[in-house]
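Just below is one structure, and these are the notes that go with it.
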Amino acid sequence: MRMDSIIEKKRDGLSLSEEEIAYIVTNYTNDMIPDYQMSALLMAIYFQGMTIEESASLTTAMVESGDTVDLSAIDGIKVDKHSTGGVGDTTTLTLAPLVASVGVSVAKMSGRGLGHTGGTLDKLEAIEGFHIEISNEEFVNLVNKNHLAVIGQSAQLVPADKKIYSLRDVTATVNSIPLIASSIMSKKIASGADAIVLDVKTGAGAFMQEASEAEELAKTMVEIGKNVGRDTLAVISNMDQPLGYAIGNALEVQEAIDTLKGQGPDDLTELTLVLGSQMVVLAKKANTMAEARAMLEENIKNGRAIEMFKTFVEAQGGDSKIVDDPSLLPRANFQHEVKSERSGYITKLIADKVGKAVLLLGAGRQDKDSVIDLSVGAILHKKLGDSVTKGDTLFTIHSNVENNDEIVTMLLESIEIGQNKVSDTLIIKTIE
């Protein structure tokens with residue numbers, strides 16, 4: 001095969017064969033195809049797209065480029081969940097224990113985050129003693145024993161995706177739906193899941209800000225999953241405003257605990273129940289979404305969900321006393337209230353601006369070498385459609401510096417207050 005002929009073929013809008021895609025991925029990963037040729041191909045894909053069959057072949061080739069995780073020693077159907085990310089996206093911390101509490105095996109491999117706040121691993125490390133660096137044998141044993149464990153992703157998982165993404169990042173080809181879908185699904189499949197649930201965000205605080213693009217991405221990933229033999233479902237959820245009220249690592253852990261106790265924000269609770277119901281059905285623990293949801297709601301009410309969270313934390317070395325005493329979580333030195341300058345209703349709450357403000361506090365990574373401050377963040381006190389009186393608290397900033405004038409300005413700019421009440425839709429669409 002010749003790389004220039006493959007580039008020409010895709011440039012002209014033709015489909016690449018499974019063999020051609022395997023040739024590209026294998027040889028580029030092994031440094032046998034130069035960056036300039038791969039860049040040309042990525043740009044051709046950006047403009048010409050890929051069929052589902054091509055995307056599935058690309059996904060499979062990337063999976064086969066490195067290690068894969070064998071979860072066959074874990075009992076039952078293993079269901080994984082992926083979110084495309086957002087502001088205050090705490091769902092893994094609520095979802096995994098809740099689903100595990102009804103007997104679904106959740107063998108979760110997570111990463112650290114570049115962006116507004118840390119990833120799931122960073123949030124969990126806000127719990128004193130919690131460690132994610134456990135052996136694969138211990139990981140499997142914990143899931144078989146408790147139905148739940150979380151571990152960091154192997155550095156050798158899908159190396160082709162890491163290399164290709166680095167090139168996409170500097171060649172203006174990141175925002176290609178076939179390439180995004182293959183990137184996400186390759187990591188989920190290599191992680192050993194039998195079935196996959198996807199939470200695709202759309203809106204101002206999401207990567208895919210247009211709902212039509214989010215739907216196209218969701219449909220592509222679901223089709224890829226089915227094409228490679230994984231039961232896959234997706235939800236498109238709204239990220240025009242932050243999810244829940246807490247944005248920041250330790251703050252989000254506390255909100256997750258509240259949610260598992262049945263005292264959490266309505267939107268975080270609802271999204272957790274929707275995604276959790278899909279996971280329970282895919283694991284064949286329930287026949288319908290309604291049946292699955294009833295099981296999950298019952299375990300929040302009877303306390304099994306929060307008990308599973310305690311068991312999970314203790315099993316990985318963490319201090320479960322945080323469940324009853326949140327003051328044991330990292331706490332910032334200063335709290336600053338941001339007051340409303342007018343009365344009316346919240347008509348707009350720009351999630352991305354809130355996220356950037358929290359990032360400047362130190363809650364996230366601006367580059368891979370950034371050190372996260374697990375204690376800082378912000379608490380929302382008003383959401384879309386809520387009434388506001390001048391002088392009401394809109395945010396509480398949790399900071400380790402005394403002067404937060406810049407953050408206050410950014411947060412005030414993230415909120416619009418008008419005279420007409422608006423409503424907000426959380427779940428936009430389910431993709432099967």
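Starting from 1, each residue takes its place in the sequence as its number. Predicted model, so just to flag it, every value in this text is computed and none were measured.
Taking the six-membered ring for Trp and the full ring otherwise, the centers of Phe312 and Phe130 sit less than 6.0 Å from each other.
Nearest heavy-atom pair, Asp161 versus Ser186, reported as atom, atom and distance to 0.1 Å: CB-OG, 4.2 Å. Contact between Leu361 and His398 at its shortest, heavy atoms only, is CD1-O, 4.0 Å. When every heavy atom of Ala61 is checked against every heavy atom of Ala22, the shortest pair comes out as CB-CA, 4.1 Å. The two residues Asp352 and Ala204 come nearest to each other via the heavy atoms CB-O, 3.1 Å. Residue Ile33 comes nearest to Met38 through the heavy atom pair CG2-N, 4.3 Å, listed as atom of the first residue, atom of the second, then distance. The heavy-atom pair separating Pro178 from Ser55 by the smallest distance is CB-OG, 3.7 Å.
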Evaluation steps, salt bridge (Lys or Arg N to Asp or Glu O under 4.0 Å), between Lys310 and Glu307: CA-CA 5 Å; Lys310 284 184 178 180; Glu307 284 303 315; 3.7 Å; yes
Step-by-step side chain to side chain donor-acceptor pair (under 3.5 Å) determination, Gln37 to Asp4: CA-CA 7 Å; Gln37 285 190 313; Asp4 57 343; 5.5 Å; no
Lys383/Ile346 under side chain to side chain contact (heavy atoms under 4.5 Å, CB included): CA gap, chis, key distance, verdict: CA-CA 7 Å; Lys383 305 272 300 230; Ile346 305 293; over 6 Å; no
Derivation of the side chain to side chain donor-acceptor pair (under 3.5 Å) call for Ser375 and Asn400: CA-CA 8 Å; Ser375 68; Asn400 282 317; 3.0 Å; yes
CA sep, side-chain torsions, deciding dist, call: Lys301, Glu297, salt bridge (Lys or Arg N to Asp or Glu O under 4.0 Å): CA-CA 6 Å; Lys301 290 176 185 175; Glu297 288 177 335; 5.5 Å; no
Val274/Arg293 under side chain to side chain contact (heavy atoms under 4.5 Å, CB included): CA gap, chis, key distance, verdict: CA-CA 7 Å; Val274 170; Arg293 185 180 179 114; 4.1 Å; yes
Steps toward salt bridge (Lys or Arg N to Asp or Glu O under 4.0 Å) verdict (Asp240, Lys348): CA-CA 8 Å; Asp240 272 329; Lys348 200 168 188 180; over 6 Å; no
Audit row: Lys226, Asp231, salt bridge (Lys or Arg N to Asp or Glu O under 4.0 Å) steps and yes/no: CA-CA 6 Å; Lys226 291 176 179 177; Asp231 286 338; over 6 Å; no
Test ring-ring contact (aromatic ring centres under 6.0 Å, His included) applied to Tyr245 and Phe395, step by step: CA-CA 9 Å; Tyr245 291 98; Phe395 296 91; over 10 Å; no
Audit row: Thr425, Asn238, side chain to side chain donor-acceptor pair (under 3.5 Å) steps and yes/no: CA-CA 7 Å; Thr425 302; Asn238 196 342; 6.0 Å; no
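The backbone N or O of Thr51 sits less than 3.5 Å from a side-chain atom of Glu54, completing a donor-acceptor pair. Formation of a donor-acceptor pair under 3.5 Å by the Thr84 side chain with backbone atoms of Val200 is not found in this model. Although no hydrogens or angles enter the test, the distance criterion places no donor-acceptor pair under 3.5 Å between the side chain of Thr90 and the main chain of Leu93.
Side-chain atoms of Tyr46 and Asn175 include no donor-acceptor pair closer than 3.5 Å. Between the side chains of Thr29 and Lys163, not a single donor N or O lies within less than 3.5 Å of an accepting N or O. A donor and an acceptor atom, one from each side chain of Ser191 and Lys187, are nowhere located under 3.5 Å apart.
Geometrically, Lys201 does not engage Phe207 in a cation-pi contact defined by less than 6.0 Å to the ring centre and at most 45° from the axis.
Separating the OG atom in Ser166 from the CG atom in Asp35 is a distance of 9.5 Å, to the nearest 0.5 Å. Distance check: Leu268 CG to Glu252 CD gives 9.0 Å after rounding to the nearest 0.5 Å. With rounding to the nearest 0.5 angstrom, the CG atom of Asn136 is 5.0 Å from the CD1 atom of Ile151. To the nearest 0.5 Å, atom CG of residue Leu95 and atom CG of residue Leu275 are 5.5 Å apart.
For Asp266, the CG atom sits in a loose shell: 12 or fewer heavy atoms of surrounding residues, nucleotides or ligands are nearer than 6.0 Å.
With Glu20 as the partner, the salt bridge (charged side-chain N to carboxylate O under 4.0 Å, His left out) test is satisfied by one option alone out of Arg2, Lys10, Lys9: Lys9. The only member of Lys284, Arg230, Lys78, Lys188 that meets salt bridge (charged side-chain N to carboxylate O under 4.0 Å, His left out) when paired with Asp194 is Lys78.
Ionic pairing of Asp199 and Lys81 is not present here: no N-O contact between side-chain nitrogen and carboxylate oxygen is shorter than 4.0 angstrom. Salt-bridge check for Lys219 with Glu216: failed, with every basic side-chain N at 4.0 Å or more from each acidic carboxylate O.
Residues satisfying the side-chain hydrogen bond (donor to acceptor under 3.5 Å, both in side chains) criterion with Thr94, sequence neighbours excluded, are Thr272.
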